[in-house]
Amino acid sequence: MDVIWRIAEDKIRESIKNGEFANLPGFGKPMELEDLSHIPEDLRIGYLMLKNAGYVSEEADLKKELLSIEDLIRCCKNESEKEKLEKKLNEKLLRLHMLMKKRKSSNSVALRDYQERINEKFR
């Protein structure tokens, strides 16, 4: 296995030297690592797979933003800043509620019950 590793490393170094990686998007820039702390550890791989395939919705992004804003509000000492954050939180909640209403209803009784419980939290 060590031999394969060395061959791969040599090929990569040779490609870098020949400039074959220079035109790649993001070349020379730091990687933007995503904060996955809001996702349970056992679901992170599935989340990343869905996201990379384009299936993570605006709804998931909004939920992530809501958690961040709620954390900021809890830590905020400045009242005017807190009011701005609360306004932003309400805007995001409204947007999430509108997205949830647009969803098509499911044939699954369990999913409809779950949807109803979520909707009750926003009333």
Taking distance alone, no hydrogens or angles, what donor-acceptor pairs closer than 3.5 Å link side-chain atoms of residues 68-77 to residues at least two apart or in another chain?
residue	atom	partner	partner atom	Å
S68	OG	K64	O	3.4
D71	OD1	R74	NH2	2.2

Could you work out, with salt bridge (Lys or Arg N to Asp or Glu O under 4.0 Å) as the rule, every residue matching R117, not counting sequence neighbours?
none

For I16 against F21, the heavy-atom pair lying closest together
CG1-CD1, 3.3 Å

For residues 79-91, please give each side-chain donor-acceptor pair under 3.5 Å, one per line with the distance, not counting sequence neighbours.
residue	atom	partner	partner atom	Å
S80	OG	N78	OD1	2.8
N90	ND2	E86	O	3.3

Are there over 12 heavy-atom neighbours, none belonging to I45, within less than 6.0 Å of that residue's CD1?
no

Residues R6 and D2 bridged, charged N to O under 4.0 Å:
yes

Taking CD in E9 as the centre, count heavy atoms belonging to other residues, nucleotides or ligands within less than 6.0 Å. Is the count above 12?
yes

Cluster overlap L67 with L93, hydrophobic side-chain contacts below 4.5 Å:
no

